[in-house]
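The structure appears right after this line, and notes come after that.
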Amino acid sequence: MAIICVVDERKADIVCFQCPPNKADLLVYEVEKDYKAKSDALWYFEDRDYKATTRIAWTDQERKADLKVAFVDKDYKAKWAKPHNLQNRL
């Protein structure tokens, strides 16, 4: 389950970098309801950090990122693009 809250980098569990799909570790599809966030790759964005399963911060520097993310336009395209130590941890 990936209920995501975007926070300041000091409070983040994971720092993410948005990139093209061919460079991404994780291909993400944004869902409209929290109950639809059933995997690492289906993200629901929550404003309140206490309701989130994971707090992320965005960075504009790839080298600072724990995870490289690309957003996709269909839920069936959402998946891990490569093996990663954060699998099943979002």
Side-chain angles (χ1 to χ4, degrees):
M1 181 176 260
I3 299 176
I4 306 296
C5 183
V6 179
V7 296
D8 183 86
E9 195 169 329
R10 295 182 311 256
K11 295 180 180 180
D13 302 316
I14 300 169
V15 177
C16 297
F17 175 75
Q18 191 171 345
C19 63
N22 65 329
K23 293 189 173 193
D25 300 317
L26 180 62
L27 303 174
V28 171
Y29 180 75
E30 184 179 349
V31 296
E32 297 173 6
K33 303 284 184 185
D34 61 352
Y35 67 87
K36 292 183 177 183
K38 295 183 186 243
S39 73
D40 287 346
L42 299 174
W43 286 14
Y44 174 75
F45 284 94
E46 171 61 58
D47 292 332
R48 295 162 292 210
D49 68 343
Y50 67 89
K51 288 192 166 190
T53 57
T54 306
R55 295 179 309 246
I56 69 162
W58 293 109
T59 183
D60 58 358
Q61 297 177 25
E62 184 175 355
R63 64 179 175 76
K64 290 176 110 180
D66 302 314
L67 183 64
K68 293 182 280 183
V69 173
F71 286 90
V72 293
D73 59 353
K74 302 285 185 201
D75 61 349
Y76 67 86
K77 294 179 181 178
K79 63 181 181 178
W80 285 97
K82 14 182 131 156
H84 199 282
N85 64 341
L86 291 173
Q87 280 182 276
N88 299 316
R89 294 185 56 207
L90 301 179

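Along the sequence shown, residues carry numbers from 1. Given the structure is predicted, the values throughout are model-derived calculations rather than measurements.
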>> With rounding to the nearest 0.5 angstrom, report the CD1 to OG1 distance, Ile4 to Thr54.
In response: 4.5 Å
What donor-acceptor contacts under 3.5 angstrom involve side-chain atoms of residues 34-51, with partners at least two apart or in another chain?
residue	atom	partner	partner atom	Å
Ser39	OG	Ala41	N	3.3
Asp40	OD1	Leu90	N	3.4
Asp40	OD2	Trp80	NE1	3.0
Asp40	OD2	Asn88	N	2.4
Trp43	NE1	Asp40	O	2.6
Glu46	OE2	Arg48	N	3.1
Glu46	OE2	Arg48	NE	2.9
Glu46	OE2	Arg48	NH2	3.1

> Could you give the distance from OG1 (Thr59) to CG (Leu67), rounded to the nearest 0.5 Å?
Replying inline: 12.5 Å
>> Tell me whether Val15 shares a hydrophobic cluster with Val7, the cluster being built from Ile, Leu, Val, Met, Phe, Trp, Tyr side chains joined at under 4.5 Å.
In response: no
> Any idea which heavy atoms bring Phe71 and Gln18 closest together, and the distance?
Replying inline: CD1-NE2, 3.6 Å
> Sub-3.5 Å donor-acceptor pair from the side chain of Thr53 to the main-chain atoms of Ile3, do we have one?
Replying inline: yes
> In chain order, what residues pass the side-chain hydrogen bond (donor to acceptor under 3.5 Å, both in side chains) check against Asp66, with sequence neighbours excluded?
Replying inline: none
> Got more than 12 heavy atoms from elsewhere within 6.0 Å of NZ, Lys77?
Replying inline: yes
Indicate every side-chain donor-acceptor pair of residues 22-33 with a distance under 3.5 Å to a residue at least two apart or in another chain.
residue	atom	partner	partner atom	Å
Asp25	OD2	Lys68	N	2.9

